[in-house]
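Notes follow once the structure below has been shown.
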2 protein chains.
Amino acid sequence: MRGAVLYAPGDIRVDDRDDPAIVEPTDAVIRMAATCVCGSDLWPYRGIEEVDGPSPMGHEYVGIVEEVGSDVRNVKPGQFVVGSFFASDNTCEICRAGYQTSCVQRQPGAATGAQAQYCRIPLADGTLVATPDVPPADLVPSLLAASDVLGTGWFGAVAAEVGPGKTVAVVGDGAVGLLGVLAAKQLGADRIIAMSRHESRQKLALEFGATDIVTERGDDGVAKIKDLTDGLGAHSVIEAVGTQESMMQAIRSTRPGGHVGYVGVSHDVELPGQELFFSHVHLHGGPAPVRRFLPDLIDLIWNRTIDPGKVFDLTLPLDQAAEGYKAMDERRAIKTLLQP
Amino acid sequence: MRGAVLYAPGDIRVDDRDDPAIVEPTDAVIRMAATCVCGSDLWPYRGIEEVDGPSPMGHEYVGIVEEVGSDVRNVKPGQFVVGSFFASDNTCEICRAGYQTSCVQRQPGAATGAQAQYCRIPLADGTLVATPDVPPADLVPSLLAASDVLGTGWFGAVAAEVGPGKTVAVVGDGAVGLLGVLAAKQLGADRIIAMSRHESRQKLALEFGATDIVTERGDDGVAKIKDLTDGLGAHSVIEAVGTQESMMQAIRSTRPGGHVGYVGVSHDVELPGQELFFSHVHLHGGPAPVRRFLPDLIDLIWNRTIDPGKVFDLTLPLDQAAEGYKAMDERRAIKTLLQP
């Protein structure tokens, strides 16, 4: 099969690779219907996260079950399934509490790399959710979004305790931030402030339900959020970047007693204890337990209530993965869908 | 009047000072029934927090209202009142959300220092809560505890989402940690693990409702908590120290999806973003909005359901404040009550 491999920062190639096969009796192998490039793939691509030899890439996937191990009961060959970036048994105490990405059996969901024609998925019963039927082609991008960025933006909103009566600010205008806006709208927020200075992203934020756009960043961005909230700060802030600046911007934009939901993977972030203490915010986040939300998200997509697939503004054949990474790295594309 | 003043690290003296008077029409002046030394008073006493010239000390107080300003409506001379370390209007949006210690009008509650015979309290209507009557002498220590350490331990438990079915761990065996144990018991926790290696404090923890004692600290303490919780960590952890070690011990003792309530004032704490991200914990804390809890805490004390005054294991006349500080600094006393 063909599959994307990162050799070194900036050096992504699509190679001929071995077809994956069932290894554990709880595995499934799926034939990819669509896959994509994640903002977090850019960390190793940019050399900010170390690459330890050639690495098969990708962890977002939807596809048709090709084969299942002997212990798999919940999905079967021919079904269209959505999974997510960590595999989970969905039965342990941590999974039952809704934290499948900290499952006691947690492991990479796309064991062999999702930017490929086929992929082995461990713990298939706990990890994969079948759609009601094989979807029409126009729903595939949205279902693919559910696999990571939608579920992540959604978790950010849930972690930030978004709900009716709340003013929500979203730090980060990547796919996750934009889908945080969509989630906030679905969860009933009164007012949704998207922080973005890119016109195409502002436009999508407004389409997804943003009521205000703030173009300032850092302290100026914080001041603007305060201006818009009687000097108090937002009730709920979704942080979808993962840098020191964005985390501090999120914390400082939140009113005392408010909630920060942070889903940007933290890189070189150190939170000053004393400032956090006196900020009085609630802080919650981490790797989004997408599996918790998948059944509901699939429903919302299936009945066409939401269209998160709009975040894919570039679609390329898998073989052009390198261009897909480059376009995202240069912020020419919000998110690249790859067709295997 | 007589009042305690910190001149330099380790140098606390009780001086003759001017009697406080009404300054703002929203002020009250109270005659102290009892006051005490706080763990946080030890930070400047130890020179860890800078002392900027001679500083009147103390912020925990109960007493009789002596005089009120012309705008005060809710309390009147002759009433016995409990206040807390920050004054708040109790009417702004932040107060109404239960975060009185971040009130938009926030200011020190004991404006002139509580370790004294009299004290001026700003925003008296929002800050002071009258007891049903002048209390019998044996209730005074418990009402004094409500002014800070009980309310702080209680907030730690609430911030850690303590409740029925939960296993709770408490990091810190000072008065706040011990009253965190008491709060956890009142809030219905199933299991309460007190982390302490001091026999007298362990004894009080058990009296307050602890079910287990862990004497290990740091990584060993974390390992012990994991042992006691099927390898998962506690649901709720109350952090009542405020150091880097204690914060990390609290975060690492909490299961994914669990809650850390931190009420130890953070000193030189830097939280590593990536570890926090993957810990999946909820983090909430800060200066306890004691005012939120005061009416309920006064009830529980008045009807003798709880006896938080037990944390005072040393009672001295105000004039011996220096010995009171010393005994706490050397951990010979858990908490010193001063009689004005």
Side-chain angles (χ1 to χ4, degrees), chain A residues 49 86 92-104 106 155 159 161 229-233 235 239 242-244 246-248 251 254-289 292, chain B residues 49 86 92-104 106 155 159 161 229-233 235 239 242-244 246-248 251 254-289 292:
Chain A
E49 244 175 53
F86 282 145
C92 76
E93 203 172 326
I94 301 298
C95 281
R96 292 200 315 271
Y99 287 85
Q100 288 89 344
T101 31
S102 284
C103 172
V104 298
R106 181 178 85 168
F155 176 56
E161 300 267 340
T229 54
D230 298 325
L232 302 177
H235 297 95
E239 193 285 333
T243 62
Q244 184 73 23
S246 64
M247 279 297 282
M248 296 317 298
I251 291 166
T254 308
R255 68 178 56 196
H259 293 77
V260 177
Y262 67 108
V263 289
V265 182
S266 300
H267 283 80
D268 296 323
V269 171
E270 294 275 337
L271 299 181
Q274 197 160 12
E275 178 171 353
L276 194 64
F277 185 85
F278 285 101
S279 77
H280 251 160
V281 303
H282 297 75
L283 201 59
H284 184 46
R292 188 205 307 178
Chain B
E49 243 174 54
F86 281 146
C92 77
E93 202 173 327
I94 301 297
C95 281
R96 293 201 313 272
Y99 287 85
Q100 288 90 342
T101 32
S102 283
C103 171
V104 297
R106 180 178 86 167
F155 176 56
E161 300 268 339
T229 54
D230 299 325
L232 302 178
H235 298 95
E239 192 287 332
T243 62
Q244 184 73 25
S246 64
M247 279 297 283
M248 296 317 298
I251 291 167
T254 308
R255 68 180 55 197
H259 293 76
V260 177
Y262 67 108
V263 290
V265 183
S266 300
H267 283 79
D268 295 324
V269 171
E270 294 275 336
L271 299 181
Q274 196 161 14
E275 178 171 352
L276 195 65
F277 184 85
F278 286 101
S279 77
H280 251 159
V281 304
H282 297 75
L283 200 60
H284 183 46
R292 188 204 307 181

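Labels below follow one simple rule: chain letters A, B, ... track the order of the sequence lines, proteins then strands, and each chain is numbered from 1. Side chains included, hydrogens not; waters and symmetry mates left out as well; all remaining heavy atoms used.
- With chain B as the partner, the residue from A:Gly264, A:Pro287, A:Ser279 showing the most heavy-atom pairs under 4.5 Å is A:Pro287.
- Looking only at heavy-atom pairs under 4.5 Å with chain A, the residue among B:Val260, B:Asp230, B:Thr101 that has the most is B:Thr101.
- Rounded to the nearest 0.5 Å, atoms CE (B:Met247) and CZ (A:Phe277) are 9.0 Å apart.
- Interface summary for chain B: among A:Leu276, A:Asp268, A:Val104, the most heavy-atom pairs under 4.5 angstrom belong to A:Leu276.
- For the atom pair NE2 of B:His259 and NE2 of A:His284, the computed distance is 7.0 Å after rounding to the nearest 0.5 Å.
- Annotation: maximal heavy-atom pairing with chain A below 4.5 Å, among B:Ile94, B:Leu271, B:Leu232, B:Val265, occurs at B:Leu271.
- Looking at B:His282, its side chain never comes within 3.5 Å of a backbone N or O of A:Leu283 through a donor-acceptor pair.
- Interface summary for chain A: among B:Gly242, B:Gly258, B:Pro256, the most heavy-atom pairs under 4.5 angstrom belong to B:Pro256.
- Taking each heavy atom of A:Arg255 and B:Glu93 in turn, the nearest pair found is NH1-OE2, 2.9 Å.
- Heavy atoms closer than 4.5 Å to chain A are found nowhere in B:Glu275, neither backbone nor side chain.
- Chain A forms more heavy-atom pairs under 4.5 Å with one residue of B:Gly98, B:Ala159, B:Pro289, B:Ser102 than with any other, namely B:Ser102.
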